[in-house]
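From a predicted model like this one, the values you see are computed outputs, not experimental measurements. Any value given below was found using the heavy atoms of this structure, including those in side chains, with hydrogens, waters and symmetry copies removed.
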Amino acid sequence: MHLVMIETHGNQNYIFSSPRLRENIGASYQLTLLEDWAEDALKQPGTTGNSIYDDWHGQHPDYGEDAPWVSRSSGKVILMTDTPEQARELIGRVTRRALVEAPGIDVSGVFVPMAGEHVTASDLKAVHREAAAYALSRPPASARFSQMPFLERAGDSSLPAAPPLAGVRDEDKKDKNRLALYSLRSRVARHKASMHREYLVESVETEELPKDSYDLAANPTELENLLQPENDDDPRALSKVAVIHIDGNGVGAIMRDLEGALERVREVAPAAVTDGDDTLRCFLLEVNRRLEGAVKWAFTSAWRDTALLAEEKGSPPRDESGQARSRTVVPVVPVILGGDDVTVITDGDYALPFAESYLTHYEANTESDPLLKYLGGADGVGPMTAAAGVAVVRRNFPFHIAYDLAERLVESAKRVGKAQVPAISTLTYHVLFDTTVLDADEVLSAYKSFTGRPFLLNPDPARPAGTSAAQHPDWVEVCERVDKFNRLTEEDEETGETRFPRTRAARIRRYLSDAAQAQLRGDTATRKTIMVHAESEWRAAEDSLGSNVEAIGGITGLFDLLELSDLLPESYLGEQLRKPSSHAPSSASQQSEEARA
């Protein structure tokens, strides 16, 4: 018997190879087709008239219907075959179909002999080693579409332009225009974009979504008009767009040590797993299935929460001129939604509420799951946790750069969250409006001393003061500070005075930002001079703020508060302030409650 693994490579590069959102949507859908391609290849009749699936069950009648599947996850499938010829045929069918239906996608497959009749952890490690070795020897996917000097280039890439899709009647009229210079990869992705929205709407629970949000979700063209308009004067266009990347904590470790994870579950909950020679394979399939369900449900719940939040009175965000926008439908585009990996493009004004809602529902879903709850907690039972990074950028900003920034944000957030016992879900963000794009790591390191990010979700209230988590505030606490800051910057109804004018806050913020830029340039002298001005402004603010200085977190918290004040709708802040915080009631929360009373 042989173990076969077929997987996609460079998913993010493939999705973001085009600067156009509609093509990103179509490309992300194509990646979800790997499992369907493998299923069809498995059941496709061969030269003898029988399929690999039929031959397998004829030889192994004791296996259930889920065999010969071993693992079904995003971008990777693992199956069993009886012979190496069947393994080669299975890989060939899938890769040939990918070449025809998803030009540019990078799919490869390998197989190794199994030690026995049932899959073991050693077999899984062996097939992964074989895949890693093979990856080093094969040419990249871009080699399939080499640029020819005599071919006309496509408008959005260096690939050659291609004619309209042959035999495809429902290709968009605009795309069929001979003047529309699209590469073959772009044409296929644009055509598949509508199928992706249909797949999404059908695969997640959308009954509780407002109708406007539901209709928008099914229209990739309208989504592109909102998030990436061709005309900058389009009144529907957003001023800020966000790329959200979310990654689970500890899922990779579970997959690398399946036997250890299985034993932990068996110790605390024997009834949660089945015993037998085929236990490991069944356990892996069940973890895949339940994790995918938890991720999709968390996404749908966050989508619903954000859509309902936008409908509430007082929540519409404001445009660059300060006027409230009349549109309340929040565009939400899931680019990657599989395994524990999630990437979403959405409205910058609702990105942080969406990310926080996703993390909250993800924890709740995994903690209530009969199997997953035994894989997340340090003491045997608890939620699985994750980290979210939100990159907020101007519209028409390259998505691939924003994604790279969001990915780096997640890495920094995970380091803080995973360092705790048990692990804590974390949330961080960065607003990048600079016209000059710098290396993501350098940008984040320059601003590190000005912020309390990443923020913690549901931390242990008894965490020691000396731990790394104690240096990062609880998200509810942050929302309390933002609420307090908003009140301090509002005019007093009786006197008309402002205790902390936003103009002063904006000056401090500009000084801090300029100091960060000077640090990036290596100009230490200029940075010191700028910081003197920032600290002088802050001392003047302290005189008018009095005891409220600490309530908003001091000068290092001010940078976050100014940005969060613009990024968090008032109705969302109200929801967060009704939640219990993990810390003792602060002066900020007490005074906010008194003001509302």
Close side-chain approach of [X] and [Y], heavy atoms under 4.5 Å:
X: Ile345; Y: Leu21; result: yes
X: Val344; Y: Val332; result: yes
X: Tyr403; Y: Ile15; result: no
X: Leu573; Y: Asn486; result: yes
X: Gln228; Y: Asn24; result: no
X: Pro331; Y: Leu238; result: yes

Minimum-distance pair of heavy atoms, taken over all atoms of [X] and [Y]:
X: Ala402; Y: Phe397; value: N-CE2, 4.2 Å
X: Asp340; Y: Val295; value: CA-CG2, 4.2 Å
X: Pro353; Y: Pro569; value: CG-CD, 4.0 Å
X: Ile244; Y: Phe354; value: CD1-CD2, 3.7 Å
X: Ala406; Y: His245; value: CB-CB, 3.9 Å
X: Leu457; Y: Ile424; value: O-CG2, 3.3 Å

For this session: For Tyr511, enumerate each residue passing the ring-ring contact (aromatic ring centres under 6.0 Å, His included) test, keeping only those at least two apart in sequence or located in another chain.
Result: His533
Exercise. Can you name the residues that form a ring-ring contact (aromatic ring centres under 6.0 Å, His included) with Phe455, not counting sequence neighbours?
Worked result: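 Result, ring-ring contact (aromatic ring centres under 6.0 Å, His included) vs Phe455: Trp475.
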Between [X] and [Y] (salt bridge meaning N to carboxylate O under 4.0 Å), is one present in this structure?
X: Arg453; Y: Glu563; value: yes
X: Arg190; Y: Glu23; value: yes
X: Glu480; Y: Lys484; value: no
X: Asp483; Y: Arg487; value: yes
X: Lys240; Y: Asp347; value: no

Exercise. With no hydrogens and no angle check, do the side chains of Asp369 and Thr366 hold a donor and an acceptor under 3.5 Å apart?
Worked result: no
Exercise. Are His361 and Asp305 linked by a side-chain donor-acceptor pair shorter than 3.5 Å?
Worked result: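 On atom types as modelled, these side chains qualify, holding a pair under 3.5 Å.
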Problem set entry | Residues which pass salt bridge (Lys or Arg N to Asp or Glu O under 4.0 Å) with Arg20, listed by chain and number, not counting sequence neighbours | Glu224
For this session: Determine, stepwise, if the pair Glu363 / Ser425 fulfils side chain to side chain donor-acceptor pair (under 3.5 Å).
Result: CA-CA 8 Å; Glu363 286 195 4; Ser425 289; 2.5 Å; yes
Exercise. Where do Asp523 and Arg527 land on the salt bridge (Lys or Arg N to Asp or Glu O under 4.0 Å) test, with the steps shown first?
Worked result: CA-CA 6 Å; Asp523 191 346; Arg527 182 184 184 280; over 6 Å; no
For this session: For the pair Thr360 and Glu356, evaluate side chain to side chain donor-acceptor pair (under 3.5 Å) and give the outcome as yes or no after the intermediate values.
Result: CA-CA 6 Å; Thr360 300; Glu356 180 274 327; 2.9 Å; yes
Exercise. Atom CZ of Arg304 and atom CG of Leu308: how far apart are they, to the nearest 0.5 Å?
Worked result: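 Result: 7.0 Å between the selected atoms.
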Would the distance check show the side chain of [X] and the main-chain N or O of [Y] forming a donor-acceptor pair, the cut-off being under 3.5 Å?
X: Glu575; Y: Ser571; value: no
X: Ser565; Y: Leu562; value: no
X: Thr426; Y: Pro454; value: no

For this session: Might you work through the side chain to side chain contact (heavy atoms under 4.5 Å, CB included) test for Leu359 and Leu427, ending with a clear yes or no?
Result: CA-CA 9 Å; Leu359 293 173; Leu427 169 63; 4.3 Å; yes
Problem set entry | Trace of the side chain to side chain contact (heavy atoms under 4.5 Å, CB included) decision for Val243 with Phe399 | CA-CA 7 Å; Val243 175; Phe399 286 138; 4.1 Å; yes
Exercise. Would you call the rings of Tyr362 and Tyr358 parallel, tilted or perpendicular if under 30° counts as parallel and over 60° as perpendicular?
Worked result: parallel
